[in-house]
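Letters A, B, ... are given to chains in the order of the sequence lines, protein chains preceding strands, and every chain is numbered from 1.
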There are 4 protein chains.
Amino acid sequence: MALAGKTKKDVLLEFRTTEILEAARTVFAERGFNGATIDAIAVEAGVAKGTVYLYFDSKRELFLASMREGVLALHAEVAAQLRTAGSCEGKLHAFIAARFNYFSRNRAFFRIYYTEFSHLVCGAANAQPEFQDLYEEQAKLLEEVLAEGIAMGQLRPFDAPRTARIFYDLVRAALAQHILHGAGDSPDEPIRTLFEFVWKGIGAK
Amino acid sequence: MALAGKTKKDVLLEFRTTEILEAARTVFAERGFNGATIDAIAVEAGVAKGTVYLYFDSKRELFLASMREGVLALHAEVAAQLRTAGSCEGKLHAFIAARFNYFSRNRAFFRIYYTEFSHLVCGAANAQPEFQDLYEEQAKLLEEVLAEGIAMGQLRPFDAPRTARIFYDLVRAALAQHILHGAGDSPDEPIRTLFEFVWKGIGAK
Amino acid sequence: MALAGKTKKDVLLEFRTTEILEAARTVFAERGFNGATIDAIAVEAGVAKGTVYLYFDSKRELFLASMREGVLALHAEVAAQLRTAGSCEGKLHAFIAARFNYFSRNRAFFRIYYTEFSHLVCGAANAQPEFQDLYEEQAKLLEEVLAEGIAMGQLRPFDAPRTARIFYDLVRAALAQHILHGAGDSPDEPIRTLFEFVWKGIGAK
Amino acid sequence: MALAGKTKKDVLLEFRTTEILEAARTVFAERGFNGATIDAIAVEAGVAKGTVYLYFDSKRELFLASMREGVLALHAEVAAQLRTAGSCEGKLHAFIAARFNYFSRNRAFFRIYYTEFSHLVCGAANAQPEFQDLYEEQAKLLEEVLAEGIAMGQLRPFDAPRTARIFYDLVRAALAQHILHGAGDSPDEPIRTLFEFVWKGIGAK
DNA sequence: CATGAATGAGCATTCATTCAT
DNA sequence: AATGAATGAATGCTCATTCAT
């Protein structure tokens, strides 16, 4: 039983959930949080408006869930890429490349990620501890890589936690340039430029 | 008297304008564009709702004006600091320091700047050419410093335009960490860390 | 059952539509287009404000719909009465009588019809081609009757199109007197007076 | 003194009053009662908004005054023309012609006269006794002409009061056709058609 | 479970009117 | 008298949320 896992009911429930989440991601990406309506999401998902509320408590919950899903997928992909890299340098490069690649494939999602994530993180009233946690988790991942790199002498000795967060946000900012303004360019060149910037700094010698 | 320029009327007009702009900045910072209501701004400014519309044509205009004012002041301050700096290194340090200092004094404004600037720049429908221009202007300023530094051998030879934008965004990202999470800390330490990050990169040697 | 056509849903939808249209007619008649508020119409209809918007896209649409409904019913009734009349004289009498009778039963509607029809037809910006068409349709109907009467020697030879419009407007004018000022009098006497006026003119001999 | 009549003050007062009334007539004609704003009228009159309120108590008062003025001019002209006419037939023709001519010269005014007069007369809540009186006065004028014509055997014996009002409104309706739809046509042909309609009726023989 | 009709709080904006100067 | 800045009530419309079926 327990092994069988999913009953027909569970499958349907999961299916609907996925369906709605996907619709939400699409609509939120297109119109932003305020511009999106539950109606539009319901239509996109092919269900009735009321049904959305059977699966999610509120518009905000739905938004958070759709963000969470995308963020988790991103984080999983980044973590996976990180594991395949050997050196510290390789790991940092992988971190950058993985994010660029993920968002190159999920451009619509980047828009909500970038514009609305800020809201959630910044807005005193809106701050979502959950996303703070997700953020921290990734920042920690990066922090470990940096700390290890410093310990092994591959990186200059600096304040790892603080630098990790700056690094993380820098990648997000560079991504914004690439995704939102660079139309459909290949991410290779920006990745290289960014990595060099980060690795060598800009000072001569 | 007449030569003094400002009549009593002008003074009042300017006072009200400032009053409303300040209120707008506060409220927009607290609640974001959509969360802010004209009513709340009017109350904050200590005027009636209708009065706001005597000074600004619409909520959006008011928002843009409150952004514009802050951005122009920021840019003016940055440019001034840049002029006082001698070396390329000094100029880049000044760029960072000026921005950190400005936003340390205008924390509320940073919220709008950070969270809503993206909206304006990204959102196809909302894109404000004016802000794109302001951004470009600053980026150009930075670009020149970088180009000069490269030419004079003080900086590594890299793609100046692209790097200027990365640099610019990096400072914004670091500022977000400092302003939004670092509560009321002195900006000195973050400025130093950031400058080192930029100057030397993170790679050893 | 299924063959009966109307499902419970359809019935409710039609009921609500009628309910709101009726309320709209009442309120528009009492206060005119600008004086009427959606809120007042909603209250009159016994529904919430938002509900009105489920059935009609805008205040203007609701107004037009309430006009359209009444005008169509009027026109149908007039046309029906015209068909039962034999002679040209009988048809003209029927035209007058049908309109008097219809509006005697729909006094509230006459108010909108009379006061706002002008707006719609006159106001360049507001002009509703649809109503112009409805007007023309009825005028044509009358025109045919007149042309036929002239051809058969039952009417004096005059410019039928122009006279049809004068005739039409005359009836409207006489109706205004009757409906708006004659309180609840029987329409019989006005009908007779009007018909004689039309038929014989006022000149002696 | 009393003969001197107007002091400088009175002249200015009258001048301003006229100026504002003229502006009001223009703006009300262009945009209707609701569409017109006191601001627009003040601008048109070349005075400040507050000044309008020194001369008129409210928007409605101003509207009524601007109507009154036009209506009085119309009535004066009609009465004058009536006096020059000899026969009953001539007087009725003069009544029609005078109104057509007046409004041919004051087309803008006809719009408010026609559309807004209806409001005032019909609207239970808005009914302006004053205009009812003006209306009655003119109707009485017409009634006397008709009564006299009947008494002298120049007109068929009919209900003079009722017919006077129908006649009056018919002319208004025909005017609407001419002024609002007939662009700038000469009023001669419509006057003739209308008069014949009224005089002979439409019945043959 | 699913539906979608109904709700009603919320909000930007307008503009007649007032009143201090 | 004249001004015009300030007011704030009023209103069309939206949309997240509920709930009877």
Given F:dA6, is OP1 or OP2 found less than 4.0 Å from the side-chain N or O atoms of B:R16?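 Answer yes for this pair, as a side-chain N or O of B:R16 is under 4.0 Å from OP1 or OP2.
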
Check every strand shown and say whether A:L13 touches a base, only sugar-phosphate, or nothing at a heavy-atom separation below 4.0 Å.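 Sugar-phosphate only.
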
Can you list the residues that meet the side chain to side chain donor-acceptor pair (under 3.5 Å) rule with D:E69, with sequence neighbours excluded?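 If we apply the side chain to side chain donor-acceptor pair (under 3.5 Å) test to D:E69, skipping adjacent residues, the hits are D:R25.
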
Apply side chain to side chain donor-acceptor pair (under 3.5 Å) to D:E19 and list each qualifying residue two or more places apart in sequence or on a separate chain.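 With neighbours one apart ignored, the set is empty.
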
Contact letters for nucleotides 10-16 of chain F, in which S counts primed atoms plus P, OP1 and OP2 and B counts the base, heavy atoms under 4.0 Å: BSSBBSS

Under the side-chain contact (heavy atoms from CB on, under 4.5 Å) rule, collect the residues that match up with [X], sequence neighbours excluded.
| X | answer |
| --- | --- |
| C:A108 | C:A29 |
| D:A36 | D:V27, D:F28 |
| C:Y53 | C:I38 |
| B:T37 | B:D39, B:A40 |

Who are the salt bridge (charged side-chain N to carboxylate O under 4.0 Å, His left out) partners of A:E30, not counting sequence neighbours?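 Listed in chain order: nothing, the list is empty.
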
With sequence neighbours excluded, what pairs up with B:E61 under the salt bridge (charged side-chain N to carboxylate O under 4.0 Å, His left out) test?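 For B:E61 there are no salt bridge (charged side-chain N to carboxylate O under 4.0 Å, His left out) partners, ignoring immediate neighbours.
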
To the nearest Å, how far apart are D:F63 CZ and E:dA16 P?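 So the two atoms are 13 Å apart, to the nearest Å.
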
Between atom CZ in D:F56 and atom C1' in E:dT18, what is the gap in whole Å?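 After rounding, the reported distance stands at 19 Å.
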
Identify, between A:L54 and C:Y55, the residue whose nearest nucleotide on DNA chain E lies closer to the 5' end.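 Nearest nucleotide further toward 5': that of A:L54.
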
Just to be sure I understand the geometry, which residues of residues 18-25 of chain D put a non-hydrogen atom under 4.0 Å away from DNA chain E?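 Those residues: none at all.
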
Dot-bracket assigned to DNA chain F with the 3.5 Å Watson-Crick/G-U criterion, [ ] for crossing and | for other-strand pairs, is .||||||||||||||||||||

What's the closest nucleotide to the C:L12 side chain, out of E:dA2, F:dA2, E:dA5?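 Closest nucleotide to the C:L12 side chain: E:dA5.
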
